[in-house]
Structures are given as C-alpha cells and as structure tokens.
S.K.: 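This structure is in structure tokens; I'll ask about it shortly.
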Amino acid sequence: MQKLLSRPLSNPPKHSFSYFFSHSVSKTTYDPPFSPISKPPKPKPKPPDPTPNRNPTPIKSSLPFDFRHSYSETDPTLEPIGLDREWTGTSAPVRDELDSCLGEEERIRVLGDPLTEEEIEELVEKYRHSDCARQINLGKNGVTHNMLDDIHNHWKRAEAVRIKCLGGVPTLDMDNVCFHLKYFYRKNPGGKIIYRHINILILYRGRNYDPQNRPVIPLMLWKPYAPIYPKLVQNIADGLTFEETKEMRNRGLHSPALMKLTRNGVYVNVVARAREAFETEEVIRLDCTHVGTSDCKRIGVKLRDLAPCVPILFKDEQIILWRGKRDQERNSDISDVNKKSSGT
C-alpha cells in the first residue's frame, strides 16, 4: 500500500483513464479543446499610398445661407471669446457669388396645389406612427447641417418624413426647431410642416418635388469646437446683494424640485411649468440628476430667455432659477396702484 502511494503521479498505471483516453483517440482526430492552438501569422500592413487619388476641387453649393453645424442650438449673434483664429467656430459665411435665392415662386411651384384635408389626414396616418420607416431622430444638437441632407435622402423615396425630436435641450423650444426648418424651406425648393404633436413633426416635400434637381448640400465631416462663452452665473445676481444671492441659493437648494428631468428626454412642458411656478414662487429648483453638467447649463440658458428668469446656481446637477427683480417691481407697482385706487 505504501508503495502504491509513493508512486509518482506523473507515471500512472496503464489501466488509468488518461492512458485509456490517449490511446483510444487517433492522433489525426481534430479535437479543438485538446489540440494545440497555432495562431496564423499577422498580415503585414500595406504601406500608405504616397499619391492618393483625391479630388482637390471643392464641392459647390447654391444654397444662399451660412452653413453651421447646428442651426437651432447656436446663437449667431453671440461672438465667442478665447479664439485666436479667423474661423469663429460657429458658421461658414455664404459667398457673394453664391448668393442667389431660389425665390418664393420656385418654392410655390415645387409645393404645387395645396393639400386637401383628406390628403393631409392620409399622410399623417401613414407617417405619424412609431414604426414609420421614414424617420429622422433630432438629437441634442438640434437641427444640424447634415440633417438637411438626410431629409432630402428620405424625400427621394417618400412624400414625407417623420422627425422625432429627442435630445432633451432642443425640445424646450419646439417653436425654435420649427422656425429653423421653415427658414431652410424658404431658401430651398419644397418642404412644409403638415403635422406637429408634442415632439413629432411630419415634413411634406411637395407635389412637384424632383429628387434629380435637389440642392447640393456638402456634408460636414467634423464637429466644430465649442466656443468659449461668457460666464453664465455671476457671483452676485443682478439686482441682489451678496447676502441676498446666497440666501436665494440656499432656499433653492432646500426647496422641493419642481420637475425631475431625464437624460435626452422630452422637455416640451418645462417652460410652461416654470412660468406657472414663478407666479407664486420666487425661486425654483430643477432636478437634473444624470442629465450632465453641459446639458444643465444649456437648459439654464434656454429657460433664462424663455421663462424668463435668472439662473443663480448649478450644483450637483441641480438648477436653481430666480424669477428676477422685474417681477418684484411689477408686483410693488400693482400694489401701489391698488393703494392709490383704494385711497381715492
């Protein structure tokens, strides 16, 4: 017994399982789990072509407006700071020799006779559903330059295209999105919004639309660097002292959240809710957890102009908004008028 135990494991008896298995399988049998792995040699990379065949001629477009990465989410009147180059990072100005508007007559010709109510209902029923194959998703960059080319690509095979507006920030102001789409149509043959519901748009191409005569839209293969804009939140809010600003921020942080915004959600009712809240509240808080710091600031900028209000704090993805001193002055003026009328 001791001799059997002292026998080394590397020399098992011939009647053991390993010995039986090694002799029962042929050496020519392909058995991947037990076969040695031989890696194929890596192909040598091809040397780069020293003379690539590229067309140096730039693409010309007759569209008479400035090309920008995003049309609805950038402010062309606001000049960026901190750039030391000629390119502003916001637009590519139109050249004088290409400033030839197609004209309202050409647009009316492409649209053709107005659609009847039955035709509009038929198109809406065909393209408004979520399973529509002709759909473009509008993201956080809003109406982008390349999106205009996507619309024409869909118009090549369909009478209309469905646009689903997502991305959060652009849906705060759907009127702005529709405005820039309509501006594009005024400078472009064809195109009309025939349906709008919450964040869904349907764009009709026109009765006489010809895909062969569509405008040339050079694709933007890069995204410009974001410009450096002035500071959004001041240390002391305009119209308040330092202590009043600090007290407003503390009140906002400890107040219940008016709304909880989700990432890339639909914010079509945020402006209305903020205006309604400012009728009774002086400061409100928006819970933007997981939305992102960049989007929080973009939301604050939109609400500053649409509500209107004054952003006084961005902290831990929380937005604190103050309705501003103008409302306080208006309320005091109304109270003074009431006192005078009651006194007389």
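Both backbone and side-chain heavy atoms feed into the values below; hydrogens, waters and symmetry mates do not. Since the structure is predicted, the reported quantities are computational estimates derived from the model, not experimental observations.
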S.K.: Can you find a pair of side-chain heavy atoms, one from Ile194 and one from Leu115, that are under 4.5 Å apart?
M.R.: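 Result yes, sub-4.5 Å side-chain heavy-atom pair found.
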S.K.: Search all heavy atoms of Arg134 against all heavy atoms of Ala158 and return the closest pair with its distance.
M.R.: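 Of all heavy-atom pairs spanning Arg134 and Ala158, the closest is CG-CB, 3.7 Å.
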S.K.: Side chain of Asp287, backbone of Ala257: donor and acceptor closer than 3.5 Å?
M.R.: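 No; judged by distance alone, with no hydrogens or angles, the pair does not exist.
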S.K.: Looking only at non-hydrogen atoms, find the nearest pair between Pro170 and Gly139 and report the distance.
M.R.: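 Result for this residue pair: CG-O, 3.3 Å.
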S.K.: Just distance, no hydrogens or angles: give the donor-acceptor pairs under 3.5 Å from side chains in residues 267-276, sequence neighbours left out.
M.R.:
| residue | atom | partner | partner atom | Å |
| --- | --- | --- | --- | --- |
| Tyr267 | OH | Thr262 | O | 2.4 |
| Arg273 | NH2 | Leu258 | O | 3.2 |
| Arg275 | NE | Leu306 | O | 3.1 |
| Arg275 | NE | Ala307 | O | 3.3 |
| Arg275 | NH2 | Leu306 | O | 2.5 |

S.K.: Transitively linked via ILVMFWY side-chain contacts under 4.5 Å: Phe314 with Met259?
M.R.: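 Yes; tracing contacts between hydrophobic side chains, which count when under 4.5 Å, links both residues.
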S.K.: For atom CD of Glu244, is the number of surrounding heavy atoms from other residues, nucleotides or ligands below 6.0 Å larger than 12?
M.R.: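 Enclosed: over 12 neighbouring heavy atoms sit under 6.0 Å from CD of Glu244.
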S.K.: Strictly below 4.0 Å, N to O, side chains only: are Arg214 and Asp149 in salt-bridge contact?
M.R.: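 Result for this pair is yes, salt bridge flagged.
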S.K.: Using the rule given for side-chain contact (heavy atoms from CB on, under 4.5 Å), can you reason through Leu253 versus Ile320, listing the C-alpha separation, both sets of side-chain angles and the distance that settles it, and then say yes or no?
M.R.: CA-CA 7 Å; Leu253 286 174; Ile320 310 301; 4.1 Å; yes
S.K.: Are side-chain heavy atoms of Thr289 and Arg263 found at a separation under 4.5 Å?
M.R.: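 Not in contact.
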S.K.: So, do Met174 and Cys165 sit near enough that their side-chain heavy atoms are less than 4.5 Å apart?
M.R.: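 Yes, side chains in contact.
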S.K.: Quick one: does any side-chain atom of Glu281 pair with a main-chain N or O of Phe278 as donor and acceptor, under 3.5 Å?
M.R.: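 No, because the side chain of Glu281 does not come within donor-acceptor range (under 3.5 Å) of the backbone of Phe278.
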S.K.: Would you check, one step at a time, whether the test side chain to side chain donor-acceptor pair (under 3.5 Å) holds for Asn146 with Thr144?
M.R.: CA-CA 6 Å; Asn146 291 349; Thr144 60; over 6 Å; no
S.K.: For the residue pair Gly191 and Leu111, what are the closest heavy atoms and their distance?
M.R.: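 Closest approach of Gly191 to Leu111, heavy atoms only: N-CD2, 3.7 Å.
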S.K.: Are Trp155 and Ile200 connected into the same hydrophobic cluster when the rule is that any two of I, L, V, M, F, W, Y join if their side-chain heavy atoms are below 4.5 Å apart?
M.R.: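 Different hydrophobic clusters.
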S.K.: For the residue pair Cys288 and Ile319, what are the closest heavy atoms and their distance?
M.R.: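 Scanning both residues, the minimum pair turns out to be SG-CD1, 3.6 Å.
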S.K.: Which value, rounded to the nearest 0.5 Å, describes the distance between Asn250 atom CG and Ser255 atom OG?
M.R.: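 It comes to 11.0 Å.
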S.K.: Give a yes-or-no answer on whether the side chains of His180 and Asn176 include a donor-acceptor pair shorter than 3.5 Å.
M.R.: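 Per modelled atom types, His180 and Asn176 side chains form a pair under 3.5 Å.
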S.K.: Does Ile217 offer a backbone N or O that forms a donor-acceptor pair with the side chain of His145 under 3.5 Å?
M.R.: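 Side chain of His145 to backbone of Ile217, a donor-acceptor pair under 3.5 Å: no, none is there.
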S.K.: State whether the number of non-hydrogen atoms from other residues, nucleotides or ligands found under 6.0 Å of Lys182 atom NZ is greater than 12.
M.R.: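 For Lys182, atom NZ is not crowded (no more than 12 foreign heavy atoms under 6.0 Å).
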S.K.: Side-chain contact test, heavy atoms from C-beta onward, threshold under 4.5 Å: evaluate it for Val310 versus Arg323 and give yes or no.
M.R.: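 Answer no - side chains too far apart.
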S.K.: Would you check if Leu138 and Leu166 make a side-chain contact, meaning some heavy-atom pair closer than 4.5 Å?
M.R.: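 Leu138 vs Leu166: side chains apart.
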S.K.: With side-chain contact (heavy atoms from CB on, under 4.5 Å) as the test, would you mind laying out the steps for Gln135 and Tyr127 before giving the verdict?
M.R.: CA-CA 8 Å; Gln135 174 175 306; Tyr127 292 98; over 6 Å; no
S.K.: Are Val301 and Phe179 linked, directly or through other ILVMFWY residues, by side chains that come within less than 4.5 angstrom of each other?
M.R.: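 No, it is not one cluster - the side chains of Val301 and Phe179 are not joined through contacts under 4.5 Å.
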S.K.: Please examine the side chains of Arg162 and Ile136, heavy atoms only from C-beta on, and report whether any two atoms are closer than 4.5 Å.
M.R.: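 A side-chain contact under 4.5 Å is absent here.
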S.K.: Between the side chains of Arg207 and Glu119, is the shortest nitrogen-to-carboxylate-oxygen separation below 4.0 Å, so that they form an ion pair?
M.R.: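 Answer for the salt bridge query: yes.
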S.K.: Take Asp295 and Lys140 through the test salt bridge (charged side-chain N to carboxylate O under 4.0 Å, His left out) and record every step on the way to the result.
M.R.: CA-CA 9 Å; Asp295 284 357; Lys140 64 167 56 179; 3.5 Å; yes
S.K.: Looking at side-chain heavy atoms only, is the closest gap between Lys126 and Val124 below 4.5 Å?
M.R.: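 Not in contact.
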S.K.: Passes side-chain contact (heavy atoms from CB on, under 4.5 Å), Leu123 versus Glu159? Steps please.
M.R.: CA-CA 8 Å; Leu123 288 173; Glu159 293 180 276; 3.8 Å; yes
S.K.: Under 4.0 Å between a Lys/Arg side-chain N and an Asp/Glu carboxylate O for Asp210 and Lys156?
M.R.: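 The answer is no: the pair does not qualify as a salt bridge.
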S.K.: Once you round to the nearest 0.5 Å, how far does CD of Glu118 lie from OG1 of Thr116?
M.R.: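 Answer for the CD-OG1 pair, Glu118 versus Thr116, is 4.5 Å.
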S.K.: Just how far is it from atom CG of Asn264 to atom NE2 of His290, taken to the nearest 0.5 Å?
M.R.: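 Asn264 CG to His290 NE2: 13.5 Å, rounded to 0.5 Å.
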S.K.: With Leu303, which of Pro308, Cys309, Pro311 fulfils side chain to side chain contact (heavy atoms under 4.5 Å, CB included)?
M.R.: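 Exactly one candidate clears the test, Cys309.
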S.K.: For the atom pair CZ (Arg285) and NZ (Lys260), what is the distance rounded to the nearest 0.5 Å?
M.R.: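 Spacing of CZ (Arg285) from NZ (Lys260) equals 9.5 Å.
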S.K.: Return the CZ to CG distance between Arg196 and Leu181, rounded to the nearest 0.5 Å.
M.R.: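 If I round to the nearest 0.5 Å, the distance is 10.5 Å.
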S.K.: Mind checking whether Met248 and Glu282 have side chains closer than 4.5 Å, heavy atoms only?
M.R.: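 Heavy-atom side-chain distance check passes, below 4.5 Å.
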S.K.: Would Tyr209 and Ile151 show up in the same hydrophobic cluster when neighbours are defined by side-chain heavy atoms closer than 4.5 Å?
M.R.: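 Result: yes, single cluster for both.
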S.K.: Quick one: which of Ile193, Val143, Leu201, Asp150 gives a side chain to side chain contact (heavy atoms under 4.5 Å, CB included) with Ile163?
M.R.: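 Among the candidates, only Leu201 passes.
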S.K.: More than 12 heavy atoms of other residues, nucleotides or ligands under 6.0 Å from CD of Glu125: is that the case?
M.R.: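 Counting neighbours around CD of Glu125, more than 12 heavy atoms of other residues, nucleotides or ligands fall under 6.0 Å, so yes.
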S.K.: Test side-chain contact (heavy atoms from CB on, under 4.5 Å) on Thr245 and Trp322 and set out the steps.
M.R.: CA-CA 10 Å; Thr245 304; Trp322 173 48; over 6 Å; no
S.K.: Testing the basics here: between Leu261 and Val291, what is the closest heavy-atom pair and its distance to 0.1 Å?
M.R.: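 Scanning both residues, the minimum pair turns out to be O-CG2, 3.4 Å.
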S.K.: Is it possible for you to say whether Ile202 and Val110 belong to one hydrophobic cluster, with membership spreading through side-chain heavy-atom contacts below 4.5 Å?
M.R.: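 Hydrophobic grouping puts Ile202 apart from Val110.
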